[in-house]
Amino acid sequence: MFGTVTDKTHDESRQGEAFVLFGSENNSFQKKFYIESYGCQMNFADSEVVASILMDNGFGATQVVEQADLVLLNTCSIREKAELTVRKRLTEFRKLKKSNPGMLIGVLGCMAERLKSKFIEEEKLVDLVVGPDAYRSLPGLIDDAEAGQKGVNVLLSRDETYGDISPIRLNSNGVTAFVSIMRGCNNMCSFCVVPFTRGRERSRNTNSIIRECKDLFENGYREVTLLGQNVDSYLTRSLSTNGEGEPVTFAKLLEMVAQISPLLRVRFSTSHPKDITDDVLFTMAKYDNICKYIHLPVQSGSTRILQMMNRTYTREWYLNKVNSIRNILPGCGLSTDVISGFCSETDEDHKDTLSLMECCQYDLAYMFFYSERPGTLAARRYEDDVPEVIKKKRLQEVVQLHRTQSLISMQKEVGKILKVLIEGNSKKSDLHWSGRSDNNKVVVFAKTNNELEKGEYADVLITSCTAGTLIGKLIK
Ligand code: SAM
Ligand code: SF4
């Protein structure tokens with residue numbers, strides 16, 4: 001698998017990150033939990049819900065695994081490699097558990113859901129296996145495990161959204177935050193394990209989303225990213241006085257969040273090409289603080305493969321969507337996901353993917369080779385018949401093309417003045433700020449003696465770039 005630079009949906013650099021509490025280092029709890037997260041941003045957001053549940057039940061967070069009474073891995077099943085990484089990590093905990101037999105080890109998330117109690121049979125050191133909809137039962141399962149009884153809860157729910165739980169922000173920069181607006185997925189793309197591991201789609205109550213975003217803003221945050229596997233199918237009914245309730249679509253929700261304050265930037269991920277509406281695009285155009293950036297995974301440029309993937313759109317449909325985006329939102333950043341080597345993919349299909357990428361000129365792409373997942377529609381229906389060397393060769397070509405395109409996309413920004421939300425010091429130097437432009441590009445610029453703080457906006461003239469970073473000079 002090849003990932004590209006950091007993104008907001010599946011951040012390679014954050015895989016296996018140990019979370020630490022934001023804001024108060026010295027928590028005074030008797031027991032400590034340690035949590036590592038893998039996979040997509042939804043999983044990282046879930047770890048913040050888990051932290052909240054645990055802290056309400058007497059556990060404080062630690063970033064030092066040796067100090068923990070409870071070690072949790074929040075896992076991902078999307079590709080085989082993600083699961084192998086977790087298995088390997090578990091073997092590293094074996095020694096730790098030997099020296100501290102009272103330590104509990106729990107597996108959360110998609111892998112827990114996929115493997116269920118088989119996990120405990122296969123990995124004897126695991127004490128808890130808890131699926132994504134069962135986190136409220138963690139305290140009870142921990143009590144049972146402390147009494148020597150291994151705990152498994154992998155029940156999926158039709159209505160759990162954790163809407164009433166205020167996530168505890170972990171590893172936060174205090175400026176940007178993720179807010180889950182829905183859970184699960186009903187799409188059944190044939191390659192994908194998510195509908196099986198995260199269950200049916202459900203939308204979180206609108207009021208609780210708005211409350212969370214307002215709280216974040218009042219606490220100094222200046223950017224929220226609304227998260228869901230398919231945000232465009234968000235739908236709830238707001239409660240009105242006559243009890244009837246108006247439908248709240250994703251476009252409406254975006255508008256409501258944007259109206260919290262013009263100083264609060266709003267992003268979202270992920271959009272499904274079949275569902276993103278012009279209504280959403282017009283709402284984006286209407287509000288300056290809704291960032292002009294869309295993650296629109298295409299997966300393949302071949303209509304035949306898209307049909308086998310059950311994506312329910314054609315190459316032409318996708319290209320039309322991109323056209324609408326370009327017309328309604330000129331200059332909008334566009335990113336995508338591509339899978340190389342799906343079942344029966346020919347050289348022609350692969351060329352279709354390359355030519356579609358040429359048409360779309362993506363700013364960013366997350367590129368993978370196909371990894372068959374047990375139980376998915378594709379695993380049941382189709383043979384995984386593209387040899388691994390061919391998958392990797394095609395992927396390499398996709399990556400190569402994307403590298404050229406993303407550099408061009410960065411170079412286009414040179415000479416422009418961009419509005420940057422400062423997220424903190426640059427990784428390389430405390431003498432530089434790092435932030436993001438509206439269209440999601442990382443911008444680094446030298447601090448001057450005028451008193452800017454993180455969380456503030458700066459106008460920056462872009463003077464040069466690398467493949468991943470724009471370098472600029474403060475204007476005001
Ligand atoms: N819900 C989002 C969507 O529909 O685009 C993305 C969900 S998934 C967590 C992120 C990406 O992982 C997908 O867009 C796809 O490119 C990739 N992916 C999913 N299943 C895969 C598989 N079996 N093999 C390789 N890549 C896969
Ligand atoms: Fe998986 Fe498709 Fe749902 Fe995305 S939309 S999570 S790829 S089933």
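All ligand and atom numbering here is 1-based and tracks the order in the structure. Residue numbers run from 1 in the order of the sequence given. Only a predicted model underlies this, so the values are computations on that prediction, with no experimental measurement involved.
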**Prompt:** Between His272 and Tyr313, does the ring centre distance come in under 6.0 Å?
**Reply:**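 Yes, the ring centres sit under 6.0 Å apart.
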Note the single closest protein heavy atom to [atom], along with its residue, its atom name and the distance in Å.
atom	answer
atom 5 (S) of ligand 2	Asn187 ND2, 3.3 Å
atom 3 (Fe) of ligand 2	Cys185 SG, 2.3 Å
atom 1 (Fe) of ligand 2	Cys192 SG, 2.3 Å

**Item:** Residue pair Thr225 / Thr176, side-chain heavy-atom distance below 4.5 Å
**Value:**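 Not touching, per the 4.5 Å side-chain cut-off.
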**Asked** Mind checking whether Thr270 has an N or O less than 3.5 Å away from an N or O of ligand 1?
**Response**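 Thr270 vs ligand 1: no N/O contact under 3.5 Å.
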**Request:** Return a yes/no value for Arg79: is any of its N or O atoms, backbone included, closer than 3.5 angstrom to an N or O of ligand 1?
**Result:**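 Yes; at least one N/O pair falls below 3.5 Å.
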**Request:** Give a yes or no on whether Arg158 atom CZ has more than 12 heavy-atom contacts from other residues, nucleotides or ligands under 6.0 Å away.
**Result:**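 It does not: Arg158 CZ has 12 such atoms or fewer within range.
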**Message:** Tell me whether Asp385 at atom CG has more than 12 heavy atoms from other residues, nucleotides or ligands lying less than 6.0 Å away.
**Reply:**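 Result for CG/Asp385: enclosed.
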Please compare [options] and report which has the shortest non-hydrogen distance to [atom].
atom	options	value
atom 15 (C) of ligand 1	His272, Glu372, Gln299, Lys81	Gln299
atom 21 (C) of ligand 1	Phe369, Phe191, Phe342	Phe191
atom 2 (C) of ligand 1	Arg373, Gln229, Met309	Gln229

Minimum heavy-atom separation for [X] to [Y], with atom names?
X	Y	result
Ser37	Asn43	OG-O, 4.4 Å
Met42	Ser180	CE-OG, 4.1 Å
Ile142	Phe59	CG2-CZ, 4.0 Å

**For Ser371, the ligand 1 atoms whose distance to one of its heavy atoms is below 4.0 Å** =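 Near Ser371, meaning under 4.0 Å from one of its heavy atoms, ligand 1 has 22 (C), 23 (N), 24 (N), 25 (C).
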**Prompt:** Which ligand 1 atoms are under 4.0 Å away from a heavy-atom of Ile78?
**Reply:**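 Listed by number with element, the hits are 8 (S), 9 (C), 12 (O), 18 (N), 19 (C), 20 (N), 21 (C), 22 (C), 23 (N).
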**Item:** Worked check of side chain to side chain donor-acceptor pair (under 3.5 Å) between Ser172 and Tyr221
**Value:** CA-CA 10 Å; Ser172 167; Tyr221 286 80; 3.0 Å; yes
**Request:** Examine Arg79 relative to Tyr38 and say whether NZ or CZ is less than 6.0 Å from the centre of the six-membered ring and inside a 45° cone about the ring axis.
**Result:**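 Because its charged atom misses either the 6.0 Å distance or the 45° angle limit, Arg79 does not stack over Tyr38.
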**Message:** For the residue pair Arg222 and Phe217, would you count it as a cation-pi contact if the rule is NZ or CZ under 6.0 angstrom from the ring centre and within 45 degrees of the ring axis?
**Reply:**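 Here Arg222 passes the 6.0 Å and 45° test against Phe217.
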**Prompt:** Does any N, O or S atom in Cys189 come within less than 2.8 Å of atom 1 (Fe) of ligand 2?
**Reply:**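 It does not; every qualifying atom lies at 2.8 Å or beyond.
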**Asked** Just which atoms of ligand 2 are under 4.0 Å from any heavy atom in Phe191?
**Response**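 Answer, ordered by atom number: 7 (S).
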**Asked** Which of the atoms in ligand 2, numbered in the order shown and given with their element, are less than 4.0 Å from a heavy-atom of Pro195?
**Response**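 With Pro195 as reference, the close atoms of ligand 2 come out as 8 (S).
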**Asked** Going by heavy atoms, is Arg311 under 4.0 Å from ligand 1?
**Response**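 Right, Arg311 reaches ligand 1.
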**Message:** With the threshold set at under 4.0 angstrom, would you say Ile339 reaches ligand 1 through any of its heavy atoms?
**Reply:**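 A heavy atom of Ile339 does come that close to ligand 1.
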**Asked** Does Arg311 come within less than 4.0 angstrom of ligand 2, counting non-hydrogen atoms of the residue?
**Response**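 Arg311 counts as a contact of ligand 2 under the 4.0 Å cut-off.
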